[in-house]
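Here's the structure we're looking at; comments come further down.
Below, all heavy atoms of this structure are taken into account, side chains as well, without hydrogens, waters or symmetry copies. Chain A is the first sequence line, chain B the second, and so forth, proteins listed ahead of strands; every chain is numbered from 1. Quick caveat: nothing in here was measured; it's all calculated off a predicted structure.
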There are 2 protein chains.
Amino acid sequence: MKIDPTNPADLSAQIAKAIRDAIISGALPVDKRLPSEAELAEQFAVSRPTVREALKRLAAQSLIRTQRGATGGAFVNRLKFEDAYGQQITTSIMLLSMNDVSFATACEARYALERACAPLSTQRRSADHLATMRAEIHRQGQPGLTDEAFCASDVAFHRALVDAAGNPVLSYQLAGAVEGMQPLMNMITFTARSRETIIALHTALADAVEARDSTKADENLVSLAQYSQQLAQEVIAKRNAARAAK
Amino acid sequence: MKIDPTNPADLSAQIAKAIRDAIISGALPVDKRLPSEAELAEQFAVSRPTVREALKRLAAQSLIRTQRGATGGAFVNRLKFEDAYGQQITTSIMLLSMNDVSFATACEARYALERACAPLSTQRRSADHLATMRAEIHRQGQPGLTDEAFCASDVAFHRALVDAAGNPVLSYQLAGAVEGMQPLMNMITFTARSRETIIALHTALADAVEARDSTKADENLVSLAQYSQQLAQEVIAKRNAARAAK
DNA sequence: AGACGTTTAATTGTCTGACAAATGAAAATT
DNA sequence: AATTTTCATTTGTCAGACAATTAAACGTCT
């Protein structure tokens with residue numbers, strides 16, 4: 001683990017990279033304690049604040065955790081799927097909001113990935129996953145539900161579908177695609193009529209999953225994708241009409 | 001943007017969260033200059049090193065960039081897909097290596113997602129993407145190629161297939177699944193015979209993409225998935241045999 | 001001897017003050 | 001008017017200090 005001392009700028013970034021590479025290469029195994037900040041400062045020939053900035057960079061990526069006290073220090077953190085979900089969702093939201101990604105593009109990606117999950121989900125779904133899906137469908141039918149709550153329930157429904165595949169790697173990858181779309185979905189106003197249509201499709205999808213019928217599940221996902229695109233187009237059309245009227 | 005002053009620990013994490021939330025909510029738009037470190041220190045009633053640690057956390061996530069000089073400072077960064085790729089891949093590699101994810105689970109996820117891309121790729125593939133795929137196939141056939149280089153070319157081939165779908169969101173999500181598997185793939189020793197088989201499947205896949213035949217492309221992906229699983233099982237079987245012999 | 005409270009050393013978290021380096025704007029000079 | 005110089009601002013880094021936390025070492029009492 002060495003840094004380039006000739007470039008006296010970005011020292012903390014260089015140190016963070018050196019430690020990160022050591023973790024990736026396996027030289028620093030999980031739960032291994034790093035040297036203390038004072039020792040690291042001496043090793044890299046920098047001051048303690050600089051070392052601390054480097055450690056905070058790593059902590060932001062959940063690569064290390066720190067503990068105070070006599071036997072404390074910085075430890076290589078076992079990256080949990082749970083922690084990675086959060087980062088993945090944040091990054092997805094940022095990407096979609098900052099890069100003018102169209103609803104159509106994001107929606108296409110989301111449903112393409114979900115359709116990839118569906119055959120596995122229909123095979124492996126447990127009673128638990130199915131119950132979650134049914135519960136969310138029931139929630140979606142309740143009167144007085146705000147659009148945001150309806151969207152959140154929609155996300156939970158689809159998360160259950162994805163998790164039913166029983167593959168944590170798939171769940172992780174899909175978390176970004178499904179949850180990252182929520183801000184875009186929130187632009188849509190769900191009328192009572194459109195909610196009915198979505199709930200009907202969700203029910204049919206849940207039925208297909210219960211019957212372990214992957215063909216029907218796929219058909220329903222295609223219908224959901226098409227209907228989502230249609231709703232978004234209506235929103236855009238209305239907005240354009242309002243703009244033209246001005 | 002406020003923090004809880006009653007808890008005098010994790011101040012930098014709290015400040016980072018406050019700023020991150022402001023960025024996500026849109027209160028701080030892209031390219032907006034944050035207050036200077038001295039001003040932030042005053043606003044949050046903390047010292048400058050604490051503010052700096054918070055900013056480094058955000059920089060580690062590519063949420064801000066900093067610039068020295070008179071008109072410098074920290075600016076909200078437009079998160080590029082390119083930047084997000086790198087983080088995605090690093091996180092995926094960590095997740096797979098630290099959580100005892102089996103080759104079978106990772107492989108299943110990867111090919112499920114790739115099959116989701118394939119129909120779009122066959123529809124939209126450009127001559128450019130096809131040329132990249134052909135070039136990587138050619139590289140894979142060269143004698144004297146190390147296993148690592150063969151794997152890297154395999155990844156490049158599949159990246160081209162994914163990018164051919166013309167959906168940056170899909171490419172981003174798939175980057176983790178495809179490139180994150182590389183360390184696992186590197187465990188496999190590719191004999192001349194197994195390379196031949198893989199190259200034949202790649203060629204058939206490229207042919208299907210060229211002919212815009214999504215059914216054939218899907219069949220070849222399924223075959224590739226099965227063959228990858230078979231190779232991995234052989235490696236595991238050999239390893240177990242060696243262990244039993246001891 | 002064993003259980004329990006106390007001290008102590010190590011470590012992170014934070015603060016203060018300082019200087020160096022970069023950089024654009026303003027001022028001075030040609 | 002163009003160029004050079006100066007200057008103010010801001011980040012990057014450093015040194016030293018103290019507070020808070022924590023577990024181990026130590027001492028004391030039963």
Practice task
Apply side-chain contact (heavy atoms from CB on, under 4.5 Å) to the pair B/I64 and B/L34, showing each step before the final yes or no.
Solution key: CA-CA 9 Å; B/I64 62 169; B/L34 299 182; 4.2 Å; yes

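Look at CG on A/D10: it is 13 Å from P on D/dC14, rounded to the nearest Å. Distance CZ (B/R48) to C1' (C/dA20): 12 Å, rounded to an integer number of Å. To the nearest angstrom, P of C/dA10 lies 17 Å from CG of A/L40. The distance between atom CD of B/E37 and atom P of C/dA22, rounded to the nearest whole Å, is 16 Å. A straight line from CZ of B/R68 to C1' of C/dC19 spans 12 Å, rounded to a whole angstrom. Atom P of nucleotide D/dT13 and atom CZ of A/R52 are separated by 15 Å, given to the nearest angstrom. Regarding B/F44, its CZ atom lies at a distance of 16 Å from the C1' atom of C/dT14, rounded to whole Å. Distance A/L34 CG to C/dA10 P: 19 Å, rounded to the nearest Å.
The number of heavy atoms from other shown groups lying within 6.0 Å of CG (A/D128) does not exceed 12.
The side chain of B/A70 has C/dG24 as its nearest neighbour among C/dG24, C/dT12, C/dC15. With D/dA17, D/dG12, D/dC14 as the candidates, the nucleotide lying closest to the side chain of A/T50 is D/dC14. Here the nucleotide nearest the side chain of A/T71, chosen from D/dA17, D/dC14, D/dA24, is D/dA24.
A/Q88 and B/Q173 share a side-chain donor-acceptor pair at under 3.5 Å. For the residue pair B/N167 / A/T105, no side-chain donor-acceptor distance below 3.5 Å is found, with atom types taken as modelled.
Salt bridge annotation for A/R124-B/E108: present, with a cationic side-chain nitrogen under 4.0 angstrom from a carboxylate oxygen.
The aromatic rings of A/F150 and A/F190 lie tilted to each other, with the angle between the two planes from 30° to 60°.
Within a heavy-atom distance below 4.0 Å of DNA chain D, the residues of residues 53-67 of chain B found are B/K56, B/T66, B/Q67.
The stretch residues 175-187 of chain A participates, sequence neighbours left out, in these salt bridge (charged side-chain N to carboxylate O under 4.0 Å, His left out) pairs: A/R159-A/E179.
Checking A/S47 against B/A38, the closest nucleotide of DNA chain D that is more toward the 5' end is the one next to B/A38.
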